[in-house]
Amino acid sequence: MELKTALSQKIAQAAEMDAAQAEQLLETPPDPKMGDAAFACFSLAKVLRKSPVMIAQELAEKIEKPEFVSRTEALGGYVNFFYDREFYAREMMRELQAAGDAWGRADIGAGKTVVIDYSSVNIAKPFHIGHLSSTAIGSALYKINKYLGYNVVGVNHLGDWGTQFGKLIAAYKMWGNDEEIARDSVSALLKLYVRFHEEAEKDESLNDIGRAWFKKIEEGDEEALRIFEWFKKLTLKEAKRVYTLLDVQFDSFAGESFYNDKIPAVLDELRAKNLLEKSEGAYVVHLEEEGLPPALILKSDGTTLYATRDLAAAEYRKKTYDFYKNLYVVAYQQSLHFKQIFAVLKKMGHEWAAGCEHVAFGMVSLDDGVMSTRKGKIVLLEDVLTKSVEKTRAIIEEKSPGLEDKDNVASDIGIGAVIFSTLSQSRIKDITFSFDRVLNFDGETGPYVQYTHTRCASVVRKHEKNDAGMDMSALLNDEAFAVLKMLNAFPNMLLMASEKNEPFYVTRYLIDLAQAFNKYYYEYRIIDEDVQKTNARAALACAVKNTLKRGLALLGIKAPEKM
RNA sequence: GUACCCGUAGUUCAGCUGGAUAGAAUUCACGACUCCGACUCGUGCGGUCGCGCGUUCGAAUCGCGCCGGGUACACCA
């Protein structure tokens with residue numbers, strides 16, 4: 001329900017100004033006691049050469065009230081509008097009930113494709129909490145954009161290319177043990193990789209052997225490829241286990257190696273457009289005009305780099321998916337890299353480069369410093385999830401021993417808590433990981449939102465269906481009205497989350513909605529003898545339940561009926 | 001050295017396309033509810049919004065300069 005547009009037209013009439021301009025000056029007062037909408041008169045003061053206080057008083061009288069406004073009031077330099085709560089409740093409930101569990105769904109994305117590159121696991125590296133941000137943010141954006149009608153393509157841009165894999169195969173050939181690898185999978189591979197680096201410090205010739213194996217991969221050597229594909233399969237198998245737990249999907253696993261045969265075409269294009277220049281033995285694209293350091297495209301030895309591959313990937317994605325937006329959910333360490341890539345694409349004359357965006361996020365570190373895979377200083381994501389589920393399980397045993405399906409509920413809540421905590425601040429901020437913080441279920445957390453959902457679910461279950469109709473007078477109090485206004489904000493909030501690529505808007509919203517509902521729930525009994533009032537209150541609880549469930553689902557979090 | 005990002009209650013964070021007394025959560029201290037399903041609700045304590053100057057009727061929010069922290073800057077990805 002969008003009332004501000006209608007209201008701003010009336011204001012524009014009275015103040016003899018542009019409706020769009022009036023809408024810009026229309027805001028929400030800091031305290032609901034002041035009203036539901038407020039028009040700021042300060043900027044008019046200059047034009048009219050009158051004090052804002054006087055303008056506000058005059059306008060308050062002059063403005064023709066739309067049917068949904070019950071009264072206006074001039075306060076300081078503001079004209080405050082109070083909505084007719086009965087009208088508001090009736091219209092909101094009508095909209096909410098018509099939408100059912102699809103509240104907030106939109107079609108603004110119809111016919112447009114959004115490509116999202118996220119998670120992007122590295123072959124032979126364990127899935128640790130450092131990978132959670134990209135995975136959770138990307139997955140949430142995937143679901144949010146889909147809900148808004150976009151066609152979404154989730155890409156897991158596998159880190160499956162580079163000299164490191166030659167080294168890994170070399171290590172495997174020297175010390176590998178098939179049984180151990182079959183049993184320990186990625187951690188066995190990591191062990192081999194770490195051992196290689198240790199031994200290479202003593203014996204430099206090992207690096208040559210590693211390089212030789214990488215060359216074999218590049219040349220398509222059968223044995224090298226077979227081993228590498230095996231390692232890839234093991235890594236993906238582990239990653240997919242985590243993806244299932246987190247409810248994360250991908251449409252493509254085209255990684256770095258996938259673009260190998262597409263690089264020559266990019267190089268040809270760069271040459272044809274006279275962008276490639278020799279510098280210190282290597283080939284670069286100069287970006288002085290853009291205020292950026294040159295982008296290195298080819299090494300002195302003629303081999304390609306990360307940037308080259310990313311250019312090929314961007315062109316491939318445009319050609320294959322004809323994206324409207326092309327998002328890279330990658331840590332902020334790479335922001336210069338992406339600026340350069342986008343600048344080169346623009347220089348190549350690709351206007352679609354404007355649709356490419358780096359969705360940067362902060363880094364995750366530990367109390368005692370940065371994580372290091374090679375040193376084994378990491379926290380595995382699966383360990384975090386397991387601990388969280390175990391803790392939840394213990395709480396359930398204590399608080400609700402009679403609950404059915406304890407295992408699934410424990411898993412929904414435990415895993416949900418981890419995702420929620422990852423998405424509960426703006427993505428650019430750094431995070432110091434601590435078990436205490438992630439495993440804290442008090443306050444603004446996933447379990448709090450899930451708990452509120454089960455409260456609503458319980459009411460909905462208990463409420464007996466009937467045809468008596470709703471008495472909206474039950475929803476006119478401050479608390480219920482605040483809940484209705486929160487519900488009204490949901491669709492717009494989703495649009496903002498998509499526009500800004502900030503899943504955290506959803507997290508924040510869910511907390512606010514849950515708080516508003518709990519306040520209401522505490523003050524008023526929902527089910528009582530008055531059937532019509534009960535119907536109205538239960539319908540509100542049902543709308544809150546649907547919205548909480550939907551919001552959680554968009555973050556990849558389940559909403560159990562009972563807990 | 002250069003560029004980008006961050007700096008708001010003890011702590012973790014909102015608010016930053018300028019607007020009314022700067023908000024939560026958490027901790028601590030009280031209190032309510034003990035119910036429609038527990039982790040619920042309320043009150044209190046707690047802030048030179050890093051510092052300074054400027055723009056503006058009005059700045060946590062915009063600009064400039066500092067300070068502190070982080071990240072990145074050519075042959076890794």
Side-chain angles (χ1 to χ4, degrees), chain A residues 24-25 27 29-31 34 38 40-43 45-46 51-52 75-78 80 120 122 157 159 161-164 256 279-284 291-307 309-310 330-337 339-340 360 362-363 365 370 392 395-396 398-400 402-403 413 421 424-426 428-432 434 437 440-445 447-452 454-463 479 504-505 507-508 511-512 514-515 517-528 534 537-538 541 561-563:
Chain A
Q24 283 221 325
L25 297 171
E27 49 196 70
D31 185 338
M34 296 168 165
C41 302
F42 307 97
S43 58
K46 220 181 230 171
S51 85
L75 184 67
Y78 292 92
N80 290 333
S120 302
N122 290 318
H157 190 76
W161 196 252
T163 333
Q164 44 180 330
E256 290 165 16
S279 166
E280 296 174 32
Y283 281 91
V284 303
L292 295 169
L296 194 58
I297 303 293
L298 278 177
K299 294 194 261 185
S300 313
D301 64 1
T303 55
T304 61
L305 283 138
Y306 183 40
R309 213 165 296 277
D310 263 356
V330 179
Y332 68 60
Q333 276 91 330
Q334 295 195 32
S335 61
L336 175 60
H337 165 76
K339 273 185 197 159
Q340 290 177 314
M363 55 184 240
S365 55
V370 198
T392 310
I395 293 173
I396 290 174
E398 187 200 335
K399 307 267 184 178
S400 47
L403 185 71
I413 296 171
S421 123
S424 55
Q425 58 183 301
S426 22
I428 201 65
K429 303 240 170 144
D430 288 336
I431 299 172
T432 305
S434 92
R437 188 127 49 86
N440 171 33
F441 297 170
D442 298 331
E444 300 172 328
T445 63
Y448 172 79
V449 176
Q450 286 167 319
Y451 170 66
T452 309
T454 63
R455 275 189 147 175
C456 294
S458 167
V459 169
V460 170
R461 269 197 309 274
K462 293 224 156 108
H463 174 236
E479 288 80 1
F504 136 82
Y505 285 4
T507 320
R508 194 86 229 158
I511 292 290
D512 290 342
Q515 278 177 344
F517 180 78
N518 280 324
K519 204 172 259 188
Y520 170 70
Y521 181 91
Y522 177 79
E523 294 289 339
Y524 299 91
R525 202 181 160 78
I526 291 174
I527 297 170
D528 66 11
T534 296
R537 288 184 295 245
E561 293 289 312
K562 300 178 181 184
M563 64 188 266

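Since we're looking at a predicted model, the values are computed, not measured. A, B, ... follow the sequence lines: proteins, then strands. Residue 1 opens every chain.
- If you check every strand for non-hydrogen atoms under 4.0 Å, A:D512 touches nothing.
- Searching all strands for a Watson-Crick or G-U wobble partner of B:G23 with both distances below 3.5 Å returns B:C13.
- Stacking between A:F441 and B:C39 is absent: the ring centroid is not both under 5.5 Å from the six-membered base ring centre and under 30° in plane angle.
- B:A25 atom P lies 12 Å from atom CG of A:D442, rounded to whole Å.
- When heavy atoms are screened at a 4.0 angstrom cut-off, A:S458 is found touching base atoms of the nucleic acid.
- Pair check for B:G44 finds B:C28; Watson-Crick or G-U wobble, both atom distances under 3.5 Å.
- In this model, no side-chain donor or acceptor of A:N440 finds a partner on the base of B:A25 within 3.5 Å.
- Nucleic acid contact for A:L292: none, since no nucleic acid atom lies under 4.0 Å from a heavy atom of the residue.
- Nearest heavy atoms, A:T445 versus A:I511: N-CD1, 3.7 Å.
- Of all non-hydrogen atoms in A:G159 and A:E256, the two that sit nearest each other are CA-OE2, 3.7 Å.
- Of all heavy-atom pairs spanning A:Q340 and A:P293, the tightest one is NE2-O, 2.8 Å.
- Across all strands shown, A:Q334 has heavy atoms under 4.0 Å from base atoms, whether or not it also approaches the sugar-phosphate.
- Using a 4.0 Å heavy-atom cutoff across all strands shown, A:E280 reaches at least one base atom of the nucleic acid.
- Where A:L305 and A:S43 each meet RNA chain B at their nearest nucleotide, the meeting point lying more 5' is that of A:S43.
- Side-chain contact annotation: A:R309 with A:T304, donor-acceptor N/O pair under 3.5 Å present.
- Considering only side-chain atoms of A:E27, the nucleotide from B:A20, B:U21, B:C75 that sits closest is B:A20.
- Distance CD (A:Q333) to C1' (B:A3): 15 Å, rounded to an integer number of Å.
- For the pair A:E444 CD and B:A14 C1', the computed distance is 8 Å after rounding to whole Å.
- Separating the P atom of B:A72 from that of B:G54 is a span of 38 Å, rounded to the nearest Å.
- Not one side-chain nitrogen or oxygen of A:Y524 sits closer than 4.0 Å to the OP1 or OP2 atom of B:C35.
- Using N1 to N3 plus N6-O4 or O6-N4 for Watson-Crick, or N1-O2 and O6-N3 for G-U wobble, each under 3.5 Å, B:A60 pairs with nothing.
- Nearest-nucleotide assignment on RNA chain B puts the 5′-proximal partner with A:K46, out of A:M363 and A:K46.
- A:R508 comes within 4.0 angstrom of the backbone, heavy atoms only, and of no base.
- Counting non-hydrogen atoms under 4.0 angstrom, A:Y306 reaches a base of the nucleic acid.
- Taking each heavy atom of A:Y521 and A:I526 in turn, the nearest pair found is CD1-CD1, 4.0 Å.
- Distances from the side chain of A:R455 to the nucleotides B:A20, B:C39, B:G37 place B:G37 closest.
- Here A:K399 does not reach the OP1 or OP2 of B:G37: none of its side-chain N or O atoms lies under 4.0 Å away.
- Going from atom NZ of A:K299 over to atom C1' of B:C76 covers 8 Å, rounded to whole Å.
- Closest approach of A:D430 to A:Q425, counting heavy atoms only: O-OE1, 4.1 Å.
- Spacing between atom CG of A:D528 and atom C1' of B:C35 amounts to 14 Å, rounded to whole angstrom units.
- In this structure, A:I527 reaches the bases: a heavy-atom distance under 4.0 Å links it to at least one base atom across the strands shown.
- The partner of B:A3 is B:U71, by the rule that a Watson-Crick or G-U pair needs both atom distances under 3.5 Å.
- A:F504 comes within 4.0 angstrom of sugar-phosphate atoms only, judged by non-hydrogen atoms across all strands, and of no base.
- Rounded to whole Å, the separation between the C1' atoms of B:A9 and B:A22 comes to 10 Å.
- Other residues, nucleotides and ligands contribute only 12 or fewer heavy atoms inside 6.0 Å of the CD atom of A:Q24.
- The side chain of A:K339 contributes no N or O atom lying less than 4.0 Å from OP1 or OP2 of B:A3.
- B:U17 and B:G50 have their P atoms separated by 16 Å, given to the nearest Å.
- Other residues, nucleotides and ligands contribute at most 12 non-hydrogen atoms within 6.0 Å of the OH atom of A:Y283.
- Only the P atoms considered, B:G23 is 12 Å distant from B:G44, to the nearest whole Å.
- The base of B:C75 sits within donor-acceptor range of the side chain of A:S300, with an N or O pair under 3.5 Å.
- Taking only side-chain atoms of A:K519, from C-beta outward, the nucleotide of B:A20, B:G42, B:C35 with the closest atom is B:G42.
- The base of B:A32 is paired with the side chain of A:Y522 by a donor and an acceptor separated by under 3.5 Å.
- Rounding to the nearest 0.5 angstrom, the gap separating the CG atom in A:N440 from the CZ atom in A:R437 is 9.5 Å.
- A gap of 25 Å separates the C1' atoms of B:U21 and B:A29, to the nearest Å.
- Within 4.0 Å of A:K562, counting heavy atoms only, lies at least one base atom of the nucleic acid.
- Among the atoms of the strands shown, base atoms are found under 4.0 Å from some heavy atom of A:A38.
- Within the shown strands, nothing qualifies as a pairing partner of B:U55 under the Watson-Crick or G-U definition with both distances less than 3.5 Å.
- A:P52 comes within contact range of no nucleotide atom at all, as no heavy-atom separation falls under 4.0 Å.
- Between the side chain of A:S279 and the base of B:A74, a donor-acceptor pair under 3.5 Å is found.
- Of the C1' atoms belonging to B:G18 and B:C49, the separation is 15 Å, rounded to the nearest Å.
- Distance CD (A:Q425) to C1' (B:G15): 15 Å, rounded to an integer number of Å.
- When all heavy atoms of A:A307 and A:L296 are compared, the pair lying nearest together is CB-O, 3.7 Å.
- Rounded to whole Å, the distance from NZ on A:K429 to C1' on B:G69 is 13 Å.
- With both ends at atom C1', the span from B:G31 to B:C13 equals 27 Å, rounded to whole Å.
- Atom pair A:D301:CG and B:A74:P shows a separation of 17 Å (rounding to whole Å applied).
- Comparing B:G37, B:A20, B:G15 by their nearest atom to the side chain of A:L403 picks out B:G37.
- Among the heavy atoms of the strands, none lies under 4.0 Å from A:R309.
- Residue A:N80 is classed as a base contact, given a heavy-atom separation below 4.0 Å to a base.
- Nucleotides B:A74 and B:C57 have their P atoms positioned 47 Å apart, rounded to a whole Å.
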